[in-house]
Amino acid sequence: MLRFLADENFNGRIVRGWELAVPGIDVVRVQDEGLNNTDDPAILKWAADAGRIVLTHDIRTMVGFARARVAAGEPMPGLIAVRDTLMIGEVIDELTLIAGSGVAEDFDGQVVFLPM
């Protein structure tokens, strides 16, 4: 089962809707882990240590930090960069598809953009 971490700026309505649509989905929020106001590199390190794929709307900075981790040979269990122009239902549907058909190794070192 895939495990996810929603970063601080990720739309909480998406997380709540996804949890309702897919009971038992393993997603935690940065806020739930006491990581408020933590910089992107530290979030990515925490996610790597916890084996969680990061969900973000912060395409401008988070993508670069994720790619830098990969280039440096550091673990990066995956980043899903969600454009904030998508409708909440679309995001939930795409995340549900990803969670139901993927395995952790599919995302290792990868940056995936939604919509796909």
Give the cluster check for [X] versus [Y]: same hydrophobic cluster or not, with ILVMFWY residues linked at side-chain heavy-atom distances below 4.5 Å.
X	Y	answer
Val111	Val82	no
Val27	Ile80	yes
Leu5	Met62	yes
Val112	Val54	no
Ile59	Phe4	no

Under 3.5 Å donor-acceptor pairs involving side-chain atoms of residues 64-75, not counting sequence neighbours:
{"residue": "Arg69", "atom": "NE", "partner": "Pro75", "partner atom": "O", "Å": "2.8"}
{"residue": "Arg69", "atom": "NH2", "partner": "Pro75", "partner atom": "O", "Å": "2.9"}

Review point. Pick from Leu114, Asn9, Thr85, Leu86: which one makes a side chain to side chain contact (heavy atoms under 4.5 Å, CB included) with His57?
Key: Asn9

Point to revise | Partners meeting salt bridge (Lys or Arg N to Asp or Glu O under 4.0 Å) with Arg3 (sequence neighbours left out) | key: Asp26

Exercise for review: Using the test salt bridge (Lys or Arg N to Asp or Glu O under 4.0 Å), find all partners of Asp32 that sit at least two apart in sequence or belong to another chain.
Suggested key: Arg29

Exercise for review: Enumerate the residue pairs fulfilling ring-ring contact (aromatic ring centres under 6.0 Å, His included) with a member in residues 89-116, sequence neighbours excluded, ordered by first and then second residue.
Suggested key: none

Review point. Got a sec, which pairs hit ring-ring contact (aromatic ring centres under 6.0 Å, His included) with one end in residues 23-52, sequence neighbours left out?
Key: none

Could you pull out every donor-acceptor pair under 3.5 Å between side chains of residues 89-97 and any protein atom, sequence neighbours left out?
{"residue": "Glu90", "atom": "OE1", "partner": "Met87", "partner atom": "N", "Å": "3.0"}
{"residue": "Glu94", "atom": "OE1", "partner": "Met116", "partner atom": "N", "Å": "3.3"}
{"residue": "Thr96", "atom": "OG1", "partner": "Trp18", "partner atom": "NE1", "Å": "3.2"}
{"residue": "Thr96", "atom": "OG1", "partner": "Ile92", "partner atom": "O", "Å": "2.7"}

Practice item. May I have all residue pairs that pass salt bridge (charged side-chain N to carboxylate O under 4.0 Å, His left out) and include part of residues 9-20, sequence neighbours excluded? Key: none

Point to revise | Pairs meeting criterion side-chain hydrogen bond (donor to acceptor under 3.5 Å, both in side chains) with involvement of residues 101-116, two or more places apart | key: none

Review point. What's the shortest heavy-atom distance between Leu2 and Ala104, and which atoms?
Key: CD2-N, 3.2 Å

Study note, to complete from the structure: Here the pair of heavy atoms bringing Ala47 nearest to Pro77 is O-CG, 3.7 Å

Point to revise | Test side-chain contact (heavy atoms from CB on, under 4.5 Å) applied to Asn37 - qualifying residues, sequence neighbours left out | key: Glu8

Check your understanding: Who passes side-chain hydrogen bond (donor to acceptor under 3.5 Å, both in side chains) against Thr38, sequence neighbours left out?
Key -> none

Check your understanding: In chain order, what residues pass the side-chain hydrogen bond (donor to acceptor under 3.5 Å, both in side chains) check against Asp49, with sequence neighbours excluded?
Key -> Lys45

Practice item. Under the side chain to side chain contact (heavy atoms under 4.5 Å, CB included) rule, what do Asp40 and Thr56 come out as? Steps first, then yes or no, please. Key: CA-CA 10 Å; Asp40 292 348; Thr56 190; over 6 Å; no

Exercise for review: May I ask you to test the Leu35-Ile43 pair for a side-chain heavy-atom distance under 4.5 Å?
Suggested key: yes

